[in-house]
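One structure below.
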Amino acid sequence: MQFDLFQLKGQVAIVTGCNTGLGQGMALALAQAGADIVGVNQSAPTETRAQVEALGRRFLDLRADMADIGCIPGLLTQALALTGRIDILVNNAGIIRRADALQFGEADWDEVLNVNLKSAFFFSQAVARHCMAQGRGGKIINVASMLSFQGGVRVPSYTASKSGVMGMTKALANEWAAHGINVNAIAPGYMATNNTAALRADESRNAAILARIPTGRWGEPSDMAGPVVFLASQASNYVNGYTLAVDGGWLAR
Ligand code: NAD
């Protein structure tokens with residue numbers, strides 16, 4: 001067993017939505033494993049940039065609204081102009097909208113599907129084309145959810161998007177595995193980030209969720225570190241189309 005299987009030295013990883021939360025945790029982990037980071041954000045990723053640079057890695061700060069896939073070709077051109085290569089894509093940017101299904105509006109449907117699913121597909125397509133041209137393979141990591149497996153409550157567009165992410169991960173893995181491109185997903189459980197602030201603020205939901213998590217705690221961005229480095233590295237070369245739950249045991253319950 002070679003233990004440098006997990007190292008990413010000399011590689012370049014694009015991480016969308018890495019100014020905070022799980023994206024920040026994954027960008028830092030990839031940088032710790034040796035990768036330079038291209039961060040795609042709507043607002044300044046000040047803290048992430050400083051932490052990546054403190055590790056001696058480069059951080060390229062690109063701005064885009066992932067609700068509009070029109071930004072993708074320009075992002076790739078800028079990333080390649082400055083780094084010369086792309087090896088890893090983490091489709092992390094995501095949003096959630098909460099309302100009863102009977103009242104759920106079209107804008108809340110479209111926005112969530114556009115950011116969480118449509119942009120992940122077209123960014124993956126653009127990076128896969130580049131990886132095929134480079135001839136070195138690549139790693140695409142999508143961020144799924146417990147709601148890729150379960151229905152959830154009052155989050156119908158989020159559930160549809162994350163169920164779609166899990167299906168799309170398998171579909172793309174089937175087409176691209178022969179080109180050395182691994183497409184996999186991580187399904188975080190209940191993690192303490194902005195995305196779950198409303199749930200954690202609701203005392204009874206918070207208690208019910210905690211009582212159902214076998215580890216007895218909310219997950220943290222640092223809990224994504226090992227799984228993302230595994231899926232970004234040679235260690236996962238024969239893992240294709242899989243959605244890895246990082247959930248403190250939630251799905252096993
Ligand atoms: P978060 O709200 O802290 O982070 C979301 C990130 O996506 C932020 O960086 C945000 O700026 C970015 N983003 C949102 N809309 C964007 C847009 N239009 N363009 C560019 N960037 C945009 O929440 P998080 O929990 O860190 O979420 C990260 C991912 O993990 C999301 O895909 C989310 O659905 C998923 N997830 C989170 C949990 C959880 O419990 N927190 C569980 C399962 C899945």
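Heavy-atom basis, side chains included; hydrogens, waters and symmetry copies ignored. Nothing fancy with the numbering, it's 1 onward along the sequence. Numbering of ligands and ligand atoms starts at 1, following listing order.
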Measure the distance from [atom] to every protein heavy atom, then report the residue, atom name and distance (to 0.1 Å) of the closest one.
{"atom": "atom 6 (C) of ligand 1", "result": "G17 O, 3.8 Å"}
{"atom": "atom 40 (O) of ligand 1", "result": "M191 N, 2.8 Å"}
{"atom": "atom 41 (N) of ligand 1", "result": "T193 OG1, 2.9 Å"}
{"atom": "atom 26 (O) of ligand 1", "result": "L22 N, 2.8 Å"}
{"atom": "atom 21 (N) of ligand 1", "result": "A93 CB, 3.7 Å"}
{"atom": "atom 42 (C) of ligand 1", "result": "G189 O, 3.1 Å"}
{"atom": "atom 2 (O) of ligand 1", "result": "N194 CB, 3.6 Å"}

Y158 to ligand 1, any heavy atom closer than 4.0 Å: yes

Sub-4.0 Å heavy-atom approach of P221 to ligand 1: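 Distance cut 4.0 Å: P221 fails for ligand 1.
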
Heavy-atom check, side chain of [X] versus side chain of [Y], under 4.5 Å:
{"X": "C131", "Y": "R136", "result": "no"}
{"X": "S119", "Y": "N114", "result": "no"}
{"X": "Y158", "Y": "I95", "result": "no"}
{"X": "R49", "Y": "T46", "result": "no"}

How does [X] reach ligand 1, if at all, at less than 4.0 Å between non-hydrogen atoms: by side chain, backbone, both, or neither?
{"X": "N195", "value": "both"}
{"X": "A64", "value": "backbone"}
{"X": "S43", "value": "neither"}
{"X": "I95", "value": "side chain"}
{"X": "T196", "value": "side chain"}

Ring geometry between Y190 and W218 (parallel below 30°, tilted from 30 to 60°, perpendicular above 60°): perpendicular

[X] side chain to [Y] side chain, donor-acceptor N/O pair below 3.5 angstrom:
{"X": "Q125", "Y": "W176", "result": "no"}
{"X": "S204", "Y": "D202", "result": "yes"}
{"X": "S124", "Y": "N91", "result": "yes"}
{"X": "N142", "Y": "K162", "result": "no"}

For residues 18-31, which side-chain donor-acceptor pairs fall under 3.5 Å, sequence neighbours excluded?
residue: N19; atom: ND2; partner: S43; partner atom: OG; Å: 3.2
residue: Q24; atom: NE2; partner: E47; partner atom: OE1; Å: 3.0
residue: Q24; atom: NE2; partner: T48; partner atom: OG1; Å: 3.0

CD1 on I141 to CD1 on I14, rounded to 0.5 Å: 12.0 Å

Side-chain ion pair, E53 and R57, N-O less than 4.0 Å: no

Lys/Arg N to Asp/Glu carboxylate O, R212 vs D247, below 4.0 Å: no

Polar contact flag for V40 and ligand 1 (N/O pairs, less than 3.5 Å): no

Exceeds 12 heavy-atom contacts within 6.0 angstrom, atom OH of Y242: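 12 or below, so no.
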
Identity of the nearest option to atom 31 (C) of ligand 1, non-hydrogen atoms only, from V143, T20, N92: N92

Nearest-option assignment for atom 17 (C) of ligand 1, heavy atoms, candidates M146, Q42, K162: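 It is Q42 that holds the nearest heavy atom.
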
In ligand 1, which numbered atoms sit nearer than 4.0 Å to a non-hydrogen atom of [X]?
{"X": "M66", "result": "17 (C), 18 (N), 19 (N), 20 (C)"}
{"X": "P188", "result": "42 (C), 43 (C), 44 (C)"}
{"X": "D65", "result": "17 (C), 18 (N), 19 (N)"}
{"X": "A67", "result": "18 (N)"}
{"X": "G94", "result": "5 (C), 7 (O), 14 (C), 31 (C), 32 (O)"}
{"X": "V115", "result": "15 (N), 18 (N)"}
{"X": "A144", "result": "43 (C), 44 (C)"}
{"X": "N19", "result": "8 (C), 9 (O), 11 (O)"}

Cluster check V12, V183: I/L/V/M/F/W/Y, side chain < 4.5 angstrom: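 Per the 4.5 Å side-chain linkage, V12 and V183 are co-clustered.
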
